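Here the structure is laid out as structure tokens; the discussion comes afterwards.
Bear in mind the structure is a predicted one, so any value in this text is a computation, not a measurement. The chain is numbered in sequence order, starting from 1.
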Amino acid sequence: MMKWLRNISRVLVGLVFIFSGFVKGIDPWGGTYKITDYFYAFHLDFLVPIALPLSFILSFAEFAIGVGLLSGTFLRFFSWLALIFMSFFTPLTLYLALNNPVTDCGCFGDALVITNWQTFYKNIAIILLAIILFAERRKADHPLKGKSGRFLFSGLILTYVVLVTWSYNHLPIIDFRPYKVGVNITRAMEIPPDAQPDVYKNNFYYKNMKTGEVKKFSEENILAGFTYVGISVHGPAGTG
């Protein structure tokens, strides 16, 4: 039973980390903008200059952890890293879900946009699997042992570096952005027929200069606002 559970944990956690690292890695500028959003949201503006290198480091670390877990190469080491990652990001995503300083965590880049609460629930599941994997790391199976495992690990990492380098100097090798090359922007911005349109409403706040009292008025009763502050309103033919 435990052998089956730790193998399932290793595969699932490995796949999530590979996917997360890959989709962020092939769009390093997108990752940079998202990290910048975090810095501004947490009033850490002075860290904005390191957003780009941090984007590279984060995506590479996730991808390497995922490949290490999936292949079984350096399994004990990457089990540690996976648990450390999840121990940091799970409380962070809880904070994001409760306070919503950024509307999209950017965990999966533009490839899969989920809400902050969905991200938190996903992280709860992943950290539980990471704990199982960490607890069983000494007993875990190594799918690829010796040179074959190290060869696969090195090959995937090298391929990843090449793809990220290309995407940094050009457009993403796989573009998940909504307005990628070839998309008709005008058509893509059209509201679907079955979508509920946004509703905009203007509210006006007037302060009585004599009493200091502030009242809220809608567009429907705005004339009452003029009366409230003591302004005389005339029709089109009025002389004032």
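Residues Ser218 and Lys201 come closest through the heavy atom pair CB-CE, 4.5 Å. The heavy-atom pair separating Tyr160 from Gly25 by the smallest distance is OH-CA, 3.6 Å. Closest approach of Gln118 to Ile114, counting heavy atoms only: OE1-CB, 3.3 Å. The minimum heavy-atom distance between Tyr168 and Leu52, with the atom names listed, is CE1-CD2, 4.0 Å. In terms of heavy-atom proximity, Ile132 sits nearest to Ser9 at CG2-OG, 3.7 Å. For the pair Ile126 and Val13, the tightest heavy-atom approach, listed with the atom from each and the gap, is O-CG2, 4.2 Å.
Partners of Asp175 under the salt bridge (Lys or Arg N to Asp or Glu O under 4.0 Å) rule, at least two apart in sequence or in another chain, are Arg177. Applying the side chain to side chain contact (heavy atoms under 4.5 Å, CB included) criterion to Thr90, with sequence neighbours excluded, gives Met86, Phe120, Asn123, Ile124, Ile127. With sequence neighbours excluded, no residue satisfies ring-ring contact (aromatic ring centres under 6.0 Å, His included) with His43. Checked against ring-ring contact (aromatic ring centres under 6.0 Å, His included), Tyr121 has the following partners two or more places apart in sequence or in another chain: Trp117. Take Pro101 and apply the side chain to side chain contact (heavy atoms under 4.5 Å, CB included) test, not counting sequence neighbours, and it matches Ala41, Phe42, Tyr95, Leu96, Asn99. Every residue two or more places apart in sequence or in another chain that forms a side chain to side chain contact (heavy atoms under 4.5 Å, CB included) with Ser79 is listed here: Leu69, Leu75, Leu133, Arg137.
The shortest distance between side-chain heavy atoms of Ser167 and Pro28 falls below 4.5 Å. Counting heavy atoms from C-beta on, the side chains of Phe108 and Val113 never come closer than 4.5 Å. Contact of the Leu92 side chain with the Phe88 side chain is registered, since non-hydrogen atoms from C-beta on lie closer than 4.5 Å. Residues Asp27 and Phe176 are not in side-chain contact: their nearest non-hydrogen atoms beyond the backbone lie 4.5 Å or more apart. Side-chain atoms of Leu152 and Leu156, non-hydrogen and from C-beta on, do get closer than 4.5 Å to each other. For the pair Phe78 and Arg10, the minimum side-chain heavy-atom distance is 4.5 Å or more. In this structure, the side chains of Ile18 and Val67 come closer than 4.5 Å at one or more pairs of heavy atoms.
Between the OG atom in Ser154 and the CZ atom in Phe151 there is a gap of 8.5 Å [rounded to 0.5 Å]. Summarising the geometry, atom CH2 belonging to Trp29 is positioned 13.0 Å from atom CG belonging to Leu171; distances are rounded to the nearest 0.5 Å. In this structure, Asn208 CG and Glu213 CD are separated by 7.0 Å, a value rounded to the nearest 0.5 Å. Here the OH atom belonging to Tyr33 is positioned 11.0 Å from the CG atom belonging to Asp37, to the nearest 0.5 angstrom. Rounded to the nearest 0.5 Å, atoms CZ (Phe19) and CG (Leu112) are 5.5 Å apart. Between atom OG of residue Ser20 and atom CZ of residue Phe89 there is a gap of 8.5 Å, rounded to the nearest 0.5 Å.
Between Phe17 and Phe85, the ring planes lie perpendicular to each other; the angle is over 60°, past the 30° to 60° tilted range.
Panel note: side chain Asn116, backbone Val102; a donor-acceptor pair is recorded below 3.5 Å. Counting only distance, with no hydrogens or angles, the side chain of Lys180 and the backbone of Pro172 share no donor-acceptor pair below 3.5 Å.
In this structure, Val162 is not a member of the same hydrophobic cluster as Val164, with clusters built from ILVMFWY side-chain heavy atoms closer than 4.5 Å. Under the 4.5 Å side-chain heavy-atom criterion for Ile, Leu, Val, Met, Phe, Trp and Tyr, Val181 and Trp166 are members of distinct hydrophobic clusters. Residue Ile157 is not grouped with residue Ile57 when hydrophobic side chains (ILVMFWY) are merged at heavy-atom distances under 4.5 angstrom, including chains of intermediate members.
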Residue pair Val48, Tyr40: steps toward the side chain to side chain contact (heavy atoms under 4.5 Å, CB included) verdict = CA-CA 8 Å; Val48 169; Tyr40 284 134; 4.0 Å; yes
Given salt bridge (Lys or Arg N to Asp or Glu O under 4.0 Å), test Lys24 with Glu62 step by step and report yes or no.
-> CA-CA 9 Å; Lys24 287 202 287 280; Glu62 288 183 327; 2.7 Å; yes
What's the verdict on side chain to side chain contact (heavy atoms under 4.5 Å, CB included) for Phe39 and Ile50, showing C-alpha distance, side-chain angles and the deciding distance?
-> CA-CA 10 Å; Phe39 287 154; Ile50 69 169; 4.3 Å; yes
Dump the intermediate steps for side chain to side chain contact (heavy atoms under 4.5 Å, CB included) on Val161 and Thr165, then the final yes or no.
-> CA-CA 6 Å; Val161 171; Thr165 302; 4.0 Å; yes
Could you walk me through whether Leu15 and Leu70 pass the side chain to side chain contact (heavy atoms under 4.5 Å, CB included) check?
-> CA-CA 7 Å; Leu15 289 175; Leu70 203 60; 3.9 Å; yes
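In this structure, the ring of Tyr205 has its center no less than 6.0 angstrom from the ring center of Phe217.
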